Enquirer: 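Pasting a structure below so you can have a look.
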Amino acid sequence: MSYQSIDSLQNVLKNDVFSHTKDAKKAAGRALGTMVEIITYYLLREWGLCDYISIERGLPEFGDEEICHNVEFTLHPILQLSKIKMEEESPLTATKIIKALGEDVMGDFSQKKSNKLIDSNNVLRNSCLLAENNESLLVANLHKERIGKSIHVAKQYHSPFAMVECKRVGVEEGCKKGPQTIEKAKQGAYVAQMTSSLQKVWLDGQRYGLICEDGVTLIKPYDELLNEIVNNDKPLKKFTLSIGVVSNHGNWFTAENKNKEMKVLANSYDWLLFLTDAGLSEFVTSLLLKPTLKYQVVKKAFASSYKEGKKANVFTKTKINKDAHDALCEYFSKNIKKIEGWFNVISPEGNHIDNLKTALINMANKNWEEIL
């Protein structure tokens with residue numbers, strides 16, 4: 001690590017980037033939370049899952065769809081994927097992309113959006129929602145091809161097969177523990193437990209999974225049943241694999257001890273990943289504080305998003321300067337094995353992040369059009 005701790009790194013950001021704000025350390029902490037989301041998004045993108053992703057969608061509770069919870073990322077079955085070549089003109093609006101697609105591909109999408117894939121300020125919108133109806137979403141992404149770039153437009157099934165939430169709590173000055181730690185843990189745990197048809201129950205101190213399919217109820221040891229569902233050719237209806245990504249620097253986890261909050265999350269998410277201090281520090285140092293010439297554009301986008309009197313944020317998981325986006329894609333492509341090593345798998349115990357990657361790719365590649 002370039003810095004002794006994340007707290008010292010946060011203090012560097014506080015002094016160098018956020019000194020103009022009312023509470024500089026808290027502002028730096030929020031920015032670090034954004035970094036966790038960006039790292040997670042570009043990791044999923046590098047795994048080849050870009051076209052399956054929607055960002056900040058409302059995820060309904062299983063059995064009560066009137067209650068929805070916004071989560072960072074949801075991964076949806078793709079019913080149809082179209083690739084179109086268009087000039088990267090600004091702005092590149094949803095209307096222009098839909099016109100290029102044609103009515104045969106579009107189908108009946110009653111709710112058309114006014115989003116821009118690329119706006120007039122060269123800001124890219126990841127997972128740009130073009131239109132939706134009660135059954136599906138139309139989502140566009142910019143892709144680099146061997147020759148030039150193309151726009152992928154995915155017709156996503158409305159109900160996701162996986163969701164990802166990112167949680168980070170820092171330590172305030174004079175405190176040993178972030179005051180919102182347990183509240184964020186409870187919030188994440190509740191959403192993870194309530195949004196999938198695979199229910200978690202405890203019997204005699206052991207965690208079991210419960211499903212009800214076609215009127216038949218099945219109970220098995222949780223990890224065994226989860227593995228069966230993920231690898232089944234015909235997935236369970238309304239099953240949503242829950243993935244938590246936490247980065248908390250001593251509040252939820254230490255090398256010697258899983259604190260209560262971490263145990264709550266580990267028992268609630270199907271997969272819980274911990275982004276290490278070393279990983280987050282390397283990302284911030286290599287791209288935002290001391291980048292090589294190739295990645296200066298990333299630093300510039302970050303700095304302009306948080307400078308005094310800024311007009312717009314151009315460095316988030318949703319909206320990002322297009323040149324910075326291209327640089328991040330290249331960085332993740334060249335360093336993916338190292339980046340995967342930034343994560344510790346907390347649960348399921350004994351697994352590696354490669355197992356999660358395999359599970360998500362297997363689920364994404366199922367014959368969803370036939371299944372649904």
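Just so it is clear, the structure is predicted and the values come from calculations on it, not from any experiment.
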Enquirer: Could you check whether K144 pairs with E330 (Lys NZ or Arg NE/NH1/NH2 to Asp/Glu carboxylate O, under 4.0 Å)?
Expert: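 Not counted as a salt bridge, because no side-chain N and carboxylate O are separated by less than 4.0 Å.
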
Enquirer: In terms of side-chain geometry, is the basic nitrogen of R57 or E132 positioned less than 4.0 Å from the acidic oxygen of its partner?
Expert: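 A salt bridge links R57 with E132.
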
Enquirer: Is it the case that the side chains of D223 and N227 hold a donor-acceptor pair, with the cut-off being a distance below 3.5 Å and no angle test?
Expert: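 The criterion, which ignores hydrogens and geometry beyond distance, is not satisfied for D223 and N227.
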
Enquirer: Using the rule that two of Ile, Leu, Val, Met, Phe, Trp, Tyr join whenever any of their side-chain heavy atoms come within less than 4.5 Å, decide whether V71 and L137 are in one cluster.
Expert: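 No, V71 does not connect to L137 through the hydrophobic network.
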
Enquirer: As a quick check of understanding, evaluate side-chain contact (heavy atoms from CB on, under 4.5 Å) for I211 and T217, giving each step before the final call.
Expert: CA-CA 6 Å; I211 58 172; T217 300; over 6 Å; no

Enquirer: Just by distance, no angles: are the side chains of Y222 and Q206 close enough, under 3.5 Å, to form a donor-acceptor pair?
Expert: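 The criterion, which ignores hydrogens and geometry beyond distance, is not satisfied for Q206 and Y222.
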
Enquirer: What orientation do H143 and H152 show, parallel under 30°, tilted 30 to 60°, or perpendicular over 60°?
Expert: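 If you compare the ring of H143 with that of H152, the planes turn out parallel.
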
Enquirer: Should the pair R125-D119 be classified as a salt bridge under the 4.0 Å nitrogen-to-oxygen rule?
Expert: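 So R125 does not pair with D119 through a salt bridge.
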
Enquirer: Decide whether L241 and Y41 are clustered together by the hydrophobic rule: side chain heavy atoms of Ile, Leu, Val, Met, Phe, Trp, Tyr closer than 4.5 Å, transitively.
Expert: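 Yes; Y41 is reachable from L241 via cluster members.
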
Enquirer: May I ask you to say whether D326 pairs ionically with K149, meaning some side-chain N is under 4.0 Å from a carboxylate O?
Expert: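 Answer for the salt bridge query: yes.
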
Enquirer: Measure the shortest side-chain to side-chain distance between F73 and I243 over non-hydrogen atoms and say whether it is less than 4.5 angstrom.
Expert: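 Of all side-chain heavy-atom pairs linking I243 with F73, none is under 4.5 Å.
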
Enquirer: Ring centres under 6.0 Å, that's the criterion: do F239 and F161 meet it?
Expert: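 No - the distance between ring centres of F239 and F161 does not fall below the 6.0 Å cut-off.
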
Enquirer: Could you see if V314 belongs to whatever hydrophobic cluster contains V297? Use Ile, Leu, Val, Met, Phe, Trp, Tyr and a side-chain cutoff under 4.5 Å.
Expert: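 No, V314 does not connect to V297 through the hydrophobic network.
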
Enquirer: Take S54 and Q156 through the side-chain hydrogen bond (donor to acceptor under 3.5 Å, both in side chains) test and state the conclusion after the steps.
Expert: CA-CA 9 Å; S54 281; Q156 298 178 353; 2.7 Å; yes

Enquirer: Does a side-chain heavy-atom distance below 4.5 Å link V245 with E72?
Expert: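 Sidechains of E72 and V245: no contact.
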
Enquirer: Taking the side chain from S127 and the backbone from I53, do they hold a donor-acceptor pair closer than 3.5 Å?
Expert: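 Yes: the side chain of S127 pairs with the backbone of I53.
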
Enquirer: With a 4.5 Å heavy-atom cut-off, do T93 and S114 have their side chains touching?
Expert: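 No, their side chains stay 4.5 Å or more apart.
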
Enquirer: If only side-chain N and O atoms count, and only distance matters, is there a donor-acceptor pair under 3.5 Å linking H325 with Y42?
Expert: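 There is such a pair between these side chains.
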
Enquirer: State whether a side-chain donor-acceptor pair under 3.5 Å links T318 with E56.
Expert: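 The answer is no; no qualifying pair exists.
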
Enquirer: Aromatic rings Y331 and F283: how do their planes relate, parallel, tilted or perpendicular, breaks at 30° and 60°?
Expert: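 If you compare the ring of Y331 with that of F283, the planes turn out perpendicular.
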
Enquirer: Kindly say whether I84 contributes a backbone atom to a donor-acceptor pair with the side chain of S150 at under 3.5 angstrom?
Expert: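 Flag not set: sc S150 to bb I84 has no pair under 3.5 Å.
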
Enquirer: Within a strict 4.5 Å, meaning less than it, do heavy atoms of the L360 and L49 side chains meet?
Expert: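 When only atoms from C-beta onward are counted, L49 and L360 do touch, with a gap below 4.5 Å.
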
Enquirer: Is the backbone N or O of K338 less than 3.5 Å from a side-chain atom of N335, with the two atoms forming a donor-acceptor pair by type?
Expert: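 No, the answer is negative, given that no donor and acceptor are paired below the 3.5 Å cut-off.
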
Enquirer: List the steps and the verdict of salt bridge (Lys or Arg N to Asp or Glu O under 4.0 Å) for D270 and K200.
Expert: CA-CA 10 Å; D270 299 321; K200 303 169 181 68; 3.7 Å; yes

Enquirer: Report yes if the side chains of R45 and L43 come closer than 4.5 Å at any heavy-atom pair, otherwise no.
Expert: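 When only atoms from C-beta onward are counted, L43 and R45 do not touch, as no gap falls below 4.5 Å.
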
Enquirer: Less than 4.0 Å between a side-chain N and a carboxylate O, is that true for K155 and E135?
Expert: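 Salt bridge absent between E135 and K155.
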
Enquirer: Do the side chains of I353 and L280 join up, straight or via other hydrophobic residues, at under 4.5 Å, putting them in one cluster?
Expert: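 Yes, I353 connects to L280 through the hydrophobic network.
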
Enquirer: Do Y190 and V164 belong to the same hydrophobic cluster, where Ile, Leu, Val, Met, Phe, Trp and Tyr are linked whenever their side-chain heavy atoms lie under 4.5 Å apart, directly or via other members?
Expert: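 Hydrophobic grouping puts Y190 apart from V164.
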
Enquirer: Do the side-chain N and O atoms of T195 and E61 include a donor-acceptor pair separated by under 3.5 angstrom?
Expert: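 Distance-only check fails for T195 and E61.
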
Enquirer: Main chain of F315, side chain of S305: is a donor-acceptor contact present, judged purely on distance under 3.5 Å?
Expert: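 It does hold such a pair.
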
Enquirer: Is there side-chain contact between K112 and L130, with at least one heavy-atom pair below 4.5 Å?
Expert: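 In short, these two side chains do not touch, never coming nearer than 4.5 Å.
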
Enquirer: Quick one: does N267's side chain have a donor or acceptor within less than 3.5 Å of a partner on V264's backbone?
Expert: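 No: the side chain of N267 does not pair with the backbone of V264.
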
Enquirer: Take T34 and Y306 through the test side-chain contact (heavy atoms from CB on, under 4.5 Å) and record every step on the way to the result.
Expert: CA-CA 12 Å; T34 299; Y306 294 104; 4.0 Å; yes

Enquirer: For the residue pair I118 and V123, establish whether any side-chain heavy-atom pair is separated by less than 4.5 Å.
Expert: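 With C-beta onward as the side chain, the pair stays apart.
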
Enquirer: Quick one: does any side-chain atom of T285 pair with a main-chain N or O of E282 as donor and acceptor, under 3.5 Å?
Expert: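 Not at all, since once roles are kept as given, no pair shorter than 3.5 Å links the two residues.
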
Enquirer: What heavy-atom pair brings L117 and A140 nearest, and what distance separates the two atoms?
Expert: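 In this case the closest contact between L117 and A140 is CD1-O, 3.9 Å.
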
Enquirer: Donor-acceptor pair, distance only, cut-off 3.5 Å: does the side chain of N365 make one with the backbone of I361?
Expert: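 Indeed, once roles are kept as given, a pair shorter than 3.5 Å links the two residues.
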
Enquirer: To the nearest 0.5 angstrom, please state how far the CD1 atom of I151 sits from the CG atom of N141.
Expert: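 These two atoms lie 10.0 Å from each other.
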
Enquirer: Of all the heavy-atom pairs spanning K337 and D354, show the shortest one and how long it is.
Expert: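 For K337 versus D354, the nearest heavy atoms are NZ-OD1, 4.2 Å.
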
Enquirer: Carefully, step by step, assess L225 and L218 under the rule side-chain contact (heavy atoms from CB on, under 4.5 Å).
Expert: CA-CA 9 Å; L225 187 53; L218 177 65; 4.0 Å; yes

Enquirer: Roughly how far apart are L203 CG and Y208 OH, rounded to 0.5 Å?
Expert: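 It comes to 6.0 Å.
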
Enquirer: So for atom NZ, which belongs to K113, do other residues, nucleotides or ligands contribute more than 12 heavy atoms lying within a distance under 6.0 Å?
Expert: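 Yes, the 6.0 Å shell around NZ holds more than 12 heavy atoms from other groups.
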
Enquirer: Could you go step by step and tell me if K238 and E65 meet the salt bridge (Lys or Arg N to Asp or Glu O under 4.0 Å) rule?
Expert: CA-CA 11 Å; K238 301 291 184 181; E65 297 196 355; 3.1 Å; yes

Enquirer: What's the separation between atom CD1 in I229 and atom OG in S197, rounded to the nearest 0.5 Å?
Expert: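 Between atom CD1 of I229 and atom OG of S197 there are 6.5 Å.
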
Enquirer: Take S333 and E46, measure what side-chain contact (heavy atoms from CB on, under 4.5 Å) needs, and give me the verdict at the end.
Expert: CA-CA 6 Å; S333 178; E46 181 57 30; 3.6 Å; yes

Enquirer: Could you state the interatomic distance from CZ (F62) to CD (Q193), rounded to the nearest 0.5 Å?
Expert: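 F62 CZ to Q193 CD: 14.5 Å, rounded to 0.5 Å.
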
Enquirer: Should the heavy atoms of other residues, nucleotides or ligands under 6.0 Å from CG of N367 be counted, would the total exceed 12?
Expert: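 Buried by this count: over 12 neighbours within 6.0 Å.
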
Enquirer: Taking the side chain as every heavy atom from C-beta outward, state whether L328 and I320 have any pair of such atoms under 4.5 Å apart.
Expert: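 Heavy-atom side-chain distance check passes, below 4.5 Å.
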
Enquirer: I'd like to know if the side chain of N126 reaches the main chain of K317, judged simply by a donor and an acceptor atom lying under 3.5 Å from each other, with no hydrogens or angles considered.
Expert: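 Here the side-chain-to-backbone pair exists.
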
Enquirer: Rounded at 0.5 Å granularity, tell me how far CG in L275 sits from CD1 in I39.
Expert: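 Rounded to the nearest 0.5 Å, the CG-CD1 separation comes out at 5.0 Å.
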
Enquirer: About how many Å separate NZ of K220 and CG of L198, when rounded to the nearest 0.5 Å?
Expert: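 Output value for this atom pair is 12.0 Å.
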
Enquirer: So which atom in P91 and which in S120 form the shortest heavy-atom distance, rounded to 0.1 Å?
Expert: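 Between these two residues, the closest heavy atoms are CB-N, 4.1 Å.
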
Enquirer: Among Y52, W368, Y157, which residue meets the side chain to side chain contact (heavy atoms under 4.5 Å, CB included) test with I78?
Expert: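 Answer to the side chain to side chain contact (heavy atoms under 4.5 Å, CB included) test with I78 among Y52, W368, Y157: Y52.
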
Enquirer: Give a yes or no answer on whether the side chain of Q296 reaches the backbone of P291 with a donor-acceptor pair at less than 3.5 Å.
Expert: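 Checked: pair present.
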
Enquirer: Would you confirm whether N115, through its side chain, and L129, through its main-chain N or O, come within 3.5 Å as a donor-acceptor pair?
Expert: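 Checked: pair present.
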
Enquirer: Locate the shortest heavy-atom distance separating S268 from A192; write the atom from each residue and the value.
Expert: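 Looking at all heavy atoms of both residues, the closest pair is O-CB, 3.6 Å.
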
